[in-house]
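Keep in mind that what you see is a predicted model, and the values were worked out from it rather than measured.
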Amino acid sequence: MRKRTLLLAATLTTGLLTALPATGASAAPSGLAGDFNGDGYRDVAIGAMSADVGSVQSAGAVVVLYGSSSSVSATRRTVITQNSTGVPGTAEYGDRFGSSLATGDLNADGYADLVVGSQFEAIGDRDGVGTATIIWGGSSGLSGGAALPQPSSLSEWGGYGSAIATGDFNGDGKLDVTVTGQSHIHLYRGPFTRTGTPLSHTGVGELGGAYEVTAGDLTGDGDAERVYPYLVDGDPGGAIQYFTHDPGNWDAHPESDYALVDLPDADGEEAVIADVNGDKYGDLVLGDYTDPRADKPGGHKGGQITVWYGGANGPDPAQKPTVIHQDTTGVPGAGEADDHFGSALSAGDVNGDGYADVAVGASNEDLGSVQDAGSVTILLGSASGLTGTGAKSYSQDTAGVPGSSEYMDSFGQTVRLIDLDKNGKADLVTGAGYENGYGAVTVLRGTSTGLTTTGAKLISARDVSLKGGADFGWAIAQ
């Protein structure tokens, strides 16, 4: 999968801070998830893991676009690198700072914070170990930071920091963090101090290693479940297991008060959790984007998603999940080899009807004779769940969408549904990591009738002062 491919392109960027209006001294921060400066508008953080920092190639950067009544723009931004004031570490070749991102108010001050993965950060003489760093929110936006404690058992090229998720995993009202790498999964239990110290932290040994993670409430009890999709011999479609808070499983070690639940018939490498049918239980949407083959008989040509509906005990492993692909009635397009439909997922209510909708990236979608141009499909939630009814597809060939479809742009490589202008409807932010060789993101606003291309914006790596092959848009904070 492309987002895991190490690119060592020759690239040039420096840390840049654009001044933002500070939250008034008497005004309390909004407390909204994703609102880094507390002004009541959600913001979006975008990774550029191959950006140069000064003369250091491929060190990586994160660009934060701040929300407003007119959505986001390239001018209201912060660019953060490991050479930014107060950020731990030093920008080094191939660190991939910004390879993964997650948000949450980790120190309970009302401002959302950002957790940044540096997938191949070197530790001492160990290359490619990886790290995770907290960047703190505040009235002027994100600044400064602290490194999360480093597990002692990490190996070279383990890629720690490949994926990050936040959530209250044990129901104590404090946000927790989980970080993955190929060789290690780790759980950090909140609250966190400004030095990055958690209440406790421990490895998650039951699964070994994984590259991915998603979190959300599948049981309706207010605690977040942790889902770690991973490939394994004997299950090339991807093994799906999740941890749920189970106080009855507690023993002398407080980190053991979780139960591991298996969904043996589920497949996928990507996941998102959202309530698509309005029953107050989060539903697990899985992206199984690879084509069927001799050693993987399951799936659909071009890729598919499946929906496993949540309940008081989580998704019933015996249920027959909803399956949607590009040959499903109502879904635009057609299933073609290597479309990678389901290679990126996000959820949010794009039309304000109270049901979560799902954005599905197909980063390798061919458009006419243009290979791997990419597309994004919006599937609508309803009382009957997620269906193809009313589905719409967007690409750079869609009227009103900036740019044009070009070879290997990979539009839809990443997707994020988030309300940036506070109108109660989620906007789509989607990355095209290969756009013009350095990457770009496109923003479409949500309305009562769904996404609109009116006022659509394309923001490229060059628009935010990133130089070289930055891979801007390869990661968007969830």
Side-chain angles (χ1 to χ4, degrees), residues 1 3-4 99-100 102 115 117 119 128-132 148-170 176-189 198 200-219 223-251 253-273 282 284-288 290 296 298 306 308 310 313-315 317 345 478:
M1 184 177 177
K3 71 180 179 182
R4 297 180 191 154
S99 56
S100 60
V115 190
Q119 188 180 29
V129 174
T131 60
L148 286 173
Q150 191 75 6
S152 60
S153 59
L154 298 181
S155 59
E156 286 194 327
W157 302 110
Y160 188 67
S162 292
I164 304 169
T166 62
D168 182 2
F169 302 133
N170 62 349
D176 311 305
V177 177
T178 181
V179 181
T180 72
Q182 176 59 26
S183 61
H184 197 87
I185 298 172
H186 213 72
L187 176 63
Y188 299 88
R189 182 170 273 180
S200 63
H201 64 100
T202 185
V204 180
E206 293 91 334
L207 295 182
Y211 274 123
E212 306 291 347
V213 62
T214 194
D217 186 2
L218 293 168
T219 62
D223 304 345
E225 277 67 52
R226 294 172 280 135
V227 185
Y228 302 96
Y230 64 99
L231 298 179
V232 62
D233 291 343
D235 191 356
I240 305 299
Q241 297 174 308
Y242 67 89
F243 285 91
T244 188
H245 185 219
D246 181 11
N249 200 38
W250 188 91
D251 60 18
H253 301 286
E255 287 79 12
S256 66
D257 57 347
Y258 298 96
L260 181 62
V261 182
D262 186 27
L263 292 176
D265 295 326
D267 284 322
E269 292 184 62
E270 302 297 326
V272 68
I273 296 172
L284 177 62
V285 183
L286 297 171
D288 182 8
T290 59
K296 179 187 174 290
T306 55
W308 292 79
N313 296 312
L345 298 170
Q478 296 281 1

Exercise for the section: Go through the steps for Y228 and E212 under the test side chain to side chain contact (heavy atoms under 4.5 Å, CB included), then give the verdict. Expected result: CA-CA 6 Å; Y228 302 96; E212 306 291 347; over 6 Å; no

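- Counting only distance, with no hydrogens or angles, the side chain of Q150 and the backbone of G130 share a donor-acceptor pair below 3.5 Å.
- Taken from OH in Y160 to CD1 in I185, the straight-line distance is 10.0 Å, to the nearest 0.5 Å.
- In terms of heavy-atom proximity, L148 sits nearest to V115 at CD1-CG1, 4.2 Å.
- The two residues S100 and S162 make their nearest non-hydrogen contact at CB-O, 3.4 Å.
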List the atom pairs, with distances to 0.1 Å, where a side-chain N or O of residues 236-244 and a protein N or O form a donor-acceptor pair under 3.5 Å, not counting sequence neighbours.
from : atom 1 : to   : atom 2 : distance (Å)
Q241 : OE1    : Y230 : OH     : 2.9
T244 : OG1    : E225 : OE2    : 2.7

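- With hydrogens and angles disregarded, no donor-acceptor distance shorter than 3.5 Å links the side chain of T166 to the backbone of D176.
- Across I273 and G216, no two heavy atoms sit closer than the pair CD1-N, 3.4 Å.
- When the shell of 6.0 Å around CG of N313 is examined, it contains 12 or fewer heavy atoms from other residues, nucleotides or ligands.
- The side chain to side chain donor-acceptor pair (under 3.5 Å) check on Q182 picks up nothing, with sequence neighbours excluded.
- Closest of all the heavy-atom pairs between P198 and P149 is CD-CG, 3.6 Å.
- Within the 4.5 Å cutoff, no side-chain heavy atoms of Y258 are placed close to those of E206.
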Practice task
With side chain to side chain contact (heavy atoms under 4.5 Å, CB included) as the test, would you mind laying out the steps for D288 and K296 before giving the verdict?
Solution key: CA-CA 11 Å; D288 182 8; K296 179 187 174 290; 3.2 Å; yes

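- To the nearest 0.5 angstrom, L260 atom CG is 11.0 Å from D246 atom CG.
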Handout entry: CA sep, side-chain torsions, deciding dist, call: W308, D265, side chain to side chain contact (heavy atoms under 4.5 Å, CB included)
Key = CA-CA 10 Å; W308 292 79; D265 295 326; 4.2 Å; yes

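- Of the possible donor and acceptor atoms, one in the side chain of S99 sits under 3.5 Å from a partner among the backbone N and O of G117.
- The two residues A271 and L284 make their nearest non-hydrogen contact at CB-CD1, 4.1 Å.
- Summarising the geometry, atom NE2 belonging to H201 is positioned 13.0 Å from atom OG1 belonging to T178; distances are rounded to the nearest 0.5 Å.
- Shortest non-hydrogen contact noted between L218 and G282 is CD2-O, 3.4 Å.
- One distance of note links CD of Q478 with CG of L345; it measures 9.0 Å at 0.5 Å rounding.
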Exercise for the section: Kindly determine whether L286 and D267 satisfy side chain to side chain contact (heavy atoms under 4.5 Å, CB included), including the steps that lead there. Expected result: CA-CA 7 Å; L286 297 171; D267 284 322; over 6 Å; no

